[in-house]
Amino acid sequence: MTAVLIAIAALLGLAAVFGAVLGFASEKFKVEGDPIVDQIDDLLPQTQCGQCGHPGCRPYAEAIAEGEEHNRCPPGGQDTVDALTDLLGRDAMTVDDDGAEDADVTKVAYIREDECIGCTKCIQACPVDAIVGAAKLMHTVIVDECTGCDLCVEPCPVDCIDMLEVKPTLQTWGWNRPAGIGQRPDSRIEVVNL
Amino acid sequence: MSLISSTSPHTTGKTDTGAFMRQVLYATLPGLAVLTWQFGWGSVINVLWAVLVALLSEAAILKARGRPLGFYLKDYSAVVTAVLLGLALPPTAPWWLTLIGVSFAIIVAKQLYGGLGMNPFNPAMVGYVLLLISFPAAMTRWIAPGQTPEPAQSWQLFLGQAGVDGFSGATPLDTFRTWAGNASELSGHAILHGQFAGLGWEWVNLAFLLGGLYLLARRIITWQIPAAFLLGVAVPALIASLVDPVRFAGPLFHLFSGGTMLGAFFIATDPVTAATSRLGRFIYALLIGVLIWVIRSFGGYPDAVAFSVLLLNLCAPFIDYYTQPRTYGHRKANRGVGS
Amino acid sequence: MLAKLFGGTHRKNRVYDFHGGVHPPENKQQSNGTAIQPGPLPARLILPLNMHIGAPAKPLVAPGDKVLKGQMIAEPVGAVSAAIHAPTSGTVSAIGPRPIQHPSGMDAICIVIDSDGEDRWVDHQGIADYTELSPGELVDTIRQAGIAGMGGAGFPTSIKVNLGDHQRVEQLIINAVECEPYITADDRLMRERAADIVAGIHILQYLLNPRRTLIGIEDNKPEAISAIKRACKGCDIEVRVVPTKYPSGGEKQLIQLLTGKEVASGQLPAQVGVVCQNVGTAFAIQRAVCHGEPLLSRITTLTGDAVAQPGNYETLLGTPVADLLQHGGVHSQQLGRLVMGGPMMGFTLHNPAVPVVKTTNCIIAASPQELPEPPPEQPCIRCGSCAEACPANLLPQQLYWHAKNDDLDKALHHNLMDCIECGACAYVCPSHIPLVQYYRYAKGEVRQRAADQVKADKARQRFEARQARIEQEQAEKEARRQARLEANRKKKEAGAAAPTGPSAEQAAALKQASLEASKAYKAAVKAAKTAEAQGDDNAADLKAEAERLKAVADKAKAAVRDAKADAPAVAAPADDAVASLKKQVGDASSAYKAAVKAAKDAEASGADDAGDLRARAEALKATADRLKAELRDAKANAPTTPAAPQTDPVAELKKQVGDASSAYKSAVKAAKEAEAQGADNAAELRAEADRLKAVADQLKADLRDAKANAPAPAKAAPAGKAPPADSPKVPESDAPQSVAGVDPEQAAKRQKRLKALKTAYNMAHKQYKDAHAALERAERHEELSADEFNAMQQKVDKLKGKADVARDALDALVEEAKADIRAHTGKDLKTLKLEAARAESALADKQQELAQRRDSAAEETLEALEAELKALETEAHIARKALKQAVEEQGLVEE
């Protein structure tokens with residue numbers, strides 16, 4: 001009987017000691033990490049497009065933190081979903097982009113300026129203030145600021161806004177990923193003027 | 001007119017994976033020859049049979065995976081696996097033993113992991129261990145030196161139509177393990193006393209060493225793995241035998257017995273499953289060597305190349321992470337897995 | 001290790017080693033046997049504004065300008081940039097995009113010069129003794145000469161030789177290694193022009209004041225070594241022969257070879273006290289300083305099996321590769337690959353019109369046998385050959401693995417960015433993996449990711465700034481609204497006499513109804529959509545239902561609007577007469593009540609006069625009733641005082657009708673009571689009731705009229721013309737849009753005015769009608785004196801005049817609006833309407849045609865028809881929209 005009591009006492013003592021040590025450690029070595037919402041927000045592409053059903057990336061980050069599915073960001077694509085999967089330790093998901101074919105094509109809005117009637121509706125729609133212009137004057141898109149969210153396309157009464165694919169420039173051009181195993185890495189080019 | 005557009009470099013060396021593998025095959029020839037000289041034609045028959053099985057298994061699985069046959073078969077990797085497994089099997093092995101081992105090696109250990117370059121474990125050794133565990137008796141029946149069967153007898157052994165009792169005997173490693181600690185018995189077994197190591201096996205290992213040196217000379221393999229492997233076997237053996245020569249065999253005996261040389265130059269050097277950095281390879285092979293000595297000296301199996309190689313295959317990625325070389329322009333090497 | 005420990009002290013001249021490296025076939029003998037020959041003088045030179053690393057130069061010439069050889073045609077912009085000079089005399093024929101020296105094969109802005117064949121120099125002269133110049137002036141000379149690294153990278157030389165005072169140059173290294181196969185330009189240059197090169201090195205020494213000057217040359221160029229050694233005799237330039245190994249000519253590798261130093265990752269050689277210059281650059285500096293010749297040409301090796309006369313050509317910058325190839329005699333049918341640069345790091349050209357630029361040290365026109373098609377990529381067997389070959393001591397197989405799997409973080413952890421893309425790994429790879437391309441791809445992705453991150457951060461900032469701004473605006477708006485409400489409330493309190501209007505409950509109820517209606521509409525839309533998505537048959541029905549509900553919701557909304565408009569009317573100050581009547585009514589009814597009480601008391605006490613009292617009470621009640629009726633009547637007629645002008649006439653009328661009919665009802669009741677009691681005034685009361693009934697009827701009629709004319713229901717009208725169900729492209733928009741050129745502010749103002757005028761007119765018209773009716777009534781009852789009648793008649797006339805004036809003003813404004821539309825759209829309203837109608841009918845015709853031919857016509861025809869239909873739809877939509885916009889913009893309502 002005493003043996004049992006001693007055992008219980010010893011275990012309790014141990015529990016108390018380790019509890020104290022752990023408690024002390026958690027206080028002493030506390031890591032002031034980014035709140036999870038900030039970390040999620042950092043992973044989101046910040047297009048502020050609202051395709052996730054939230055008014056902007058931050059609200060969606062908050063919603064994800066509260067348990068919403070993390071695959072509702074078509075602009076971020078599968079990469080973003082995977083990164084979120086890693087961050088949150090949730091089940092892997094595929095991005096919910098309705099099977100859009102050109103999902104990974106970067107686009108920017110372009111206003112056909114001679115058709116623009118200056119209604120300012122697109123300016124009001126743009127979540128990042130990337131459209132400039134005044135009432136009755138034609139508007140234009142600041143390409144560098146445009147996130148390609150296409151929220152301005154719908155409100156345009158004269159349908160003068162196009163989403164144009166961003167063509168690579170000498171500065172942004174990059175090599176393709178090689179075709180992979182079993183494929184030749186070269187291609188043939190037709191040369192005419194020689 | 002059409003011109004080629006490609007990324008640099010526009011010229012490449014003459015090396016080729018297939019050529020690489022063929023060199024390995026050529027380097028096994030001395031070992032195969034000595035095996036045949038010592039133990040009869042069983043090894044040759046088994047190697048050829050293994051190659052046939054390997055090619056058929058590879059072709060079947062490639063077809064099932066919808067991959068082009070010619071492109072993958074001509075890299076000779078399946079042949080190398082088959083030859084190495086064939087060499088490791090006892091010359092008395094019947095056809096079905098080889099069939100099971102080789103097909104398992106190719107189909108499960110290699111192709112199911114994604115084929116060449118993707119397998120974490122050395123396929124030949126996976127096949128070998130499968131057979132060793134499943135058929136321990138058949139896998140340890142080696143031919144006693146001096147009892148070399150005739151070609152016809154070898155063929156009958158291969159077909160499983162003849163008993164092996166007339167030829168078989170314990171290997172030097174087996175004998176030593178049985179009688180370790182018993183000085184009189186050890187000195188009484190002729191098999192333990194060849195020219196410089198175990199009878200018969202010393203020549204086999206010498207031949208594989210020769211082949212290995214050829215590979216080194218052709219820069220097919222680098223020195224780190226064989227050197228570290230042999231060091232890993234020899235150094236503990238030397239120390240232990242100095243301490244207790246009756247209980248532990250000497251370094252020469254260990255180096256030239258069993259599969260030491262085959263393992264050091266042909267098995268552990270399989271680049272796919274080894275560590276990749278120079279230091280990593282050294283550590284990897286050193287640990288294999290030590291593990292071989294440990295299992296031989298203390299374990300339940302007479303030889304341990306396959307187990308040791310597989311165990312270190314498991315550690316290779318980990319070793320790689322901690323042995324990255326110092327990149328030019330960096331003060332320290334990156335260690336660890338990174339972010 | 002030992003060598004490292006003791007080398008520094010024992011052997012100052014030792015050559016170190018670097019990790020890795022490969023030994024590709026040199027292939028230099030094809031081109032190094034012949035002396036440097038002059039290149040072609042092409043008819044047209046193409047000079048990219050970016051022949052160097054850094055900012056593109058800024059053109060100083062315009063198309064049509066004549067230029068002389070050596071004339072600066074583009075100036076450097078910013079520090080890291082280089083000038084461009086006309087390589088020959090001629091005319092600038094264009095400045096525009098041309099294919100340039102880039103692996104992408106993309107175009108960039110170039111200055112195109114049509115040469116005149118005279119090759120006439122601009123005035124120029126060298127500096128006799130450059131030591132008289134300060135280093136700063138000399139650097140400027142080099143900058144003005146447009147010299148950029150000739151070895152391959154093209155870094156502007158003026159930057160490299162212009163170090164801060166604090167930076168001490170330990171070693172000046174002249175890179176004459178030329179480790180790439182095929183290239184012999186520097187080799188020939190050293191053999192033939194060693195003295196000029198050494199003179200150039202002296203200039204560099206003067207600029208940099210290095211402790212030591214080293215020339216690194218590979219041991220496969222013995223003639224060049226001896227020529228340079230001869231030229232260096234007696235000066236402090238040390239010639240170092242390095243073993244042939246690729247890539248010993250890489251800047252970092254050469255520094256390691258000659259000094260044993262490593263340039264830290266991400267840093268420049270200057271930070272370890274080393275400056276590296278190409279031997280060709282030294283030559284160009286000598287030409288610029290001693291002869292005043294800017295960089296106009298360079299030695300380019302033209303080689304490869306497809307060239308008849310391989311060799312080195314002194315080529316004018318801007319010479320199209322095609323001209324150079326022709327000059328060297330290219331067998332175009334043998335050509336398999338065209339490489340600019342060496343075979344290890346050069347890039348394939350997409351277009352032979354690409355010009356030779358400052359960095360073009362070699363053009364390889366290779367036959368297909370010489371540089372064959374790369375074999376297909378095989379799986380990596382992790383053989384480690386690449387790691388053995390890597391001069392940066394990377395683990396290329398790991399980099400490959402991570403690059404292939406887009407695992408950029410891992411690749412970066414393996415120091416992807418320290419890869420110099422020398423190609424040694426890919427050269428030795430037995431699996432023929434295009435490793436360099438994988439690394440380039442991964443580097444591009446890394447850069448892209450960094451750029452995306454920057455962009456995302458910026459987008460976030462902008463988004464947050466915008467949110468903050470909108471919130472602030474909302475807050476301000478709310479504050480203004482509150483202030484306004486407060487003001488209204490105060491005003492109301494001031495005019496407290498006013499009744500509190502058509503019950504707030506009523507408005508609330510209306511609002512509720514409206515909300516419910518729109519909810520129902522939304523639900524219906526959703527149902528319709530779901531049905532559509534599921535391909536339900538009744539989707540169309542649901543849609544129709546939704547449309548109906550929308551109409552209901554719109555009506556409800558209009559009602560709410562009306563109610564709101566009504567509200568102020570309540571606050572309108574009542575007529576004095578009404579007030580006094582009210583008072584009388586109050587007095588009368590309290591008198592009546594008192595009388596009743598007295599009568600009851602009397603009855604209870606059995607007083608004699610109870611009967612009298614009761615009779616009196618009855619009389620009083622009748623009086624009170626009459627007064628009440630009068631009050632109502634008065635109220636009904638109250639607008640004789642010009643009440644709130646912005647009240648909605650219909651609502652006003654409604655209220656009046658309500659008042660009138662309740663007056664009539666109570667009058668009838670009073671009359672009945674009177675009759676029942678046999679009162680004397682029963683007949684009178686009956687007459688009064690009749691009169692009131694007439695008033696009510698009249699008002700009702702007015703209300704009907706007003707409703708018919710009211711603008712509110714018309715608002716929903718345009719929505720009625722729904723587009724055909726099979727044209728989803730045409731969006732529904734019932735919000736008014738701006739027509740081009742119309743100032744919305746002005747339009748809004750006009751809209752307001754128009755509304756006010758309409759209200760005023762309606763009011764005036766109603767007053768006139770009321771008055772007229774009252775007059776008629778009075779006439780009928782003959783209860784007015786002649787004077788009174790006349791006064792009333794006058795009043796009616798006056799009201800009629802007022803209404804007419806309002807009508808005229810309204811018409812004028814409408815006309816003005818129409819004119820405005822014409823002014824802004826170039827069309828008048830009628831044209832717009834016509835256009836819309838025409839477009840609609842064309843659309844309908846086309847739809848009919850399509851429907852008819854859907855079964856019979858061919859696929860293409862149908863498609864064409866459909867396309868036409870779509871175009872027409874869009875046209876019709878635009879026309880409709882324009883019309884609607886024009887109309888609504890001006891506040892006009894389609895009648």
Side-chain angles (χ1 to χ4, degrees), chain B residues 1-21 68 71-72 74-75 77 114-118 219-222 224-225 269-278 280-281 316-317 320-321 323-331 333-339, chain C residues 18-19 22 24-25 103 181 252 256 262-267 332 335-339 343-348 350 364 366 371 373-374 376 378-385 387-388 391-395 397-398 409-410 413-415 418 421 423 426-432 434 436-437 440:
Chain B
M1 172 176 43
S2 74
L3 298 182
I4 293 172
S5 163
S6 83
T7 189
S8 64
H10 304 284
T11 174
T12 55
K14 295 283 172 284
T15 51
D16 179 85
T17 307
F20 229 81
M21 297 286 182
F71 175 72
Y72 284 98
K74 75 176 183 218
D75 65 25
S77 60
L116 180 61
M118 309 291 280
R219 292 171 181 264
I220 303 297
I221 59 175
T222 50
Q224 286 91 350
I225 287 181
T269 51
D270 168 29
V272 174
T273 54
T276 50
S277 63
R278 291 179 180 193
R281 286 181 168 176
D320 270 343
Y321 275 127
T323 55
Q324 292 173 41
R326 182 189 67 87
T327 307
Y328 175 97
H330 288 256
R331 288 163 55 84
N334 284 334
R335 295 284 146 91
V337 289
S339 52
Chain C
F18 64 90
H19 179 264
V22 292
K252 291 175 172 178
Q256 199 176 12
E262 277 187 25
V263 182
S265 175
Q267 291 198 334
S332 51
L335 193 59
R337 173 150 33 179
L338 196 54
V339 180
M344 297 300 284
M345 288 188 76
F347 51 90
T348 46
H350 291 232
I364 306 173
L371 298 181
E373 197 180 9
Q378 286 178 295
C380 172
I381 55 168
R382 315 211 306 160
C383 65
S385 305
E388 296 297 320
N393 209 0
L394 295 163
L395 286 177
Q397 73 275 39
Q398 301 293 86
D409 289 324
K410 288 265 169 56
H413 181 70
H414 281 91
N415 298 323
D418 287 301
E421 300 174 19
Y427 178 79
V428 297
C429 181
S431 294
H432 312 298
V436 178
Q437 192 176 343
R440 284 176 172 157

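Protein chains get the first letters and strands the later ones, always in sequence-line order, with residue 1 at the start of each.
- Of the two parts of B:Arg331, neither the backbone nor the side chain holds a non-hydrogen atom closer than 4.5 Å to a non-hydrogen atom of chain C.
- Here C:Ser265 is the residue among C:Pro103, C:Pro24, C:Ser265 with the most heavy-atom pairs under 4.5 Å with chain B.
- Nearest heavy atoms, C:Glu262 versus B:His330: OE1-N, 4.3 Å.
- Taking the side-chain contact (heavy atoms from CB on, under 4.5 Å) definition, one finds that B:Thr11 meets it with C:Pro343, C:Met344, C:Leu371, C:Tyr427, sequence neighbours left out.
- If you tally non-hydrogen atom pairs under 4.5 Å between each of C:Met345, C:Gln267, C:Lys252, C:Gln398 and chain B, the highest count goes to C:Lys252.
- To the nearest 0.5 Å, the span separating SG on C:Cys383 from CE on B:Met21 amounts to 9.0 Å.
- Closest approach of C:Gly346 and B:His10 over heavy atoms only: O-NE2, 2.9 Å.
- Looking at B:Tyr72 and C:Pro379, their side chains come closer than 4.5 Å, going by heavy atoms from C-beta outward.
- At least one side-chain heavy atom of C:Glu388 sits less than 4.5 Å from a side-chain heavy atom of B:Arg278.
- In this structure, chain B has a heavy atom under 4.5 Å from the backbone of C:Pro391, while its side chain stays farther away.
- Looking at C:Ala392, both its backbone and its side chain come within 4.5 Å of chain B, counting heavy atoms on both sides.
- The two residues C:Gly423 and B:Pro9 make their nearest non-hydrogen contact at O-CG, 3.5 Å.
- The two residues C:Asn393 and B:Tyr328 come nearest to each other via the heavy atoms CB-N, 4.2 Å.
- Here the NE2 atom belonging to C:His19 is positioned 10.5 Å from the CZ atom belonging to B:Arg326, to the nearest 0.5 angstrom.
- The side-chain contact (heavy atoms from CB on, under 4.5 Å) test applied to B:Thr12 returns no partner, not counting sequence neighbours.
- Residue B:Ala274 touches chain C through its backbone alone, counting heavy-atom pairs closer than 4.5 Å.
- The structure places CG of B:Leu116 at 8.0 Å from CD of C:Gln378, a figure rounded to the nearest 0.5 Å.
- Contacts of B:Asp320 with chain C are made by side-chain atoms alone, with heavy-atom separations under 4.5 Å and no backbone atom involved.
- With hydrogens and angles disregarded, a donor-acceptor distance shorter than 3.5 Å links the side chain of B:Thr15 to the backbone of C:Val428.
- Contact check for B:Thr17 versus C:His432: no side-chain heavy atoms found under the 4.5 Å cut-off.
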request  = May I have the step-by-step check of side chain to side chain donor-acceptor pair (under 3.5 Å) for C:Thr348 and B:Ser6, ending in yes or no?
outcome  = CA-CA 6 Å; C:Thr348 46; B:Ser6 83; 5.4 Å; no
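- Of all the heavy atoms in C:Arg337 and B:Leu3, the pair that sits closest is N-CD2, 4.1 Å.
- Contact annotation for B:Thr269: neither backbone nor side-chain heavy atoms come within less than 4.5 Å of a heavy atom of chain C.
- Heavy atoms closer than 4.5 Å to chain C are found nowhere in B:Arg219, neither backbone nor side chain.
- Atom OG1 of B:Thr327 and atom CG of C:Leu395 lie 7.5 Å apart (nearest 0.5 Å).
- Looking at C:Arg440 and B:Ser8, their side chains come closer than 4.5 Å, going by heavy atoms from C-beta outward.
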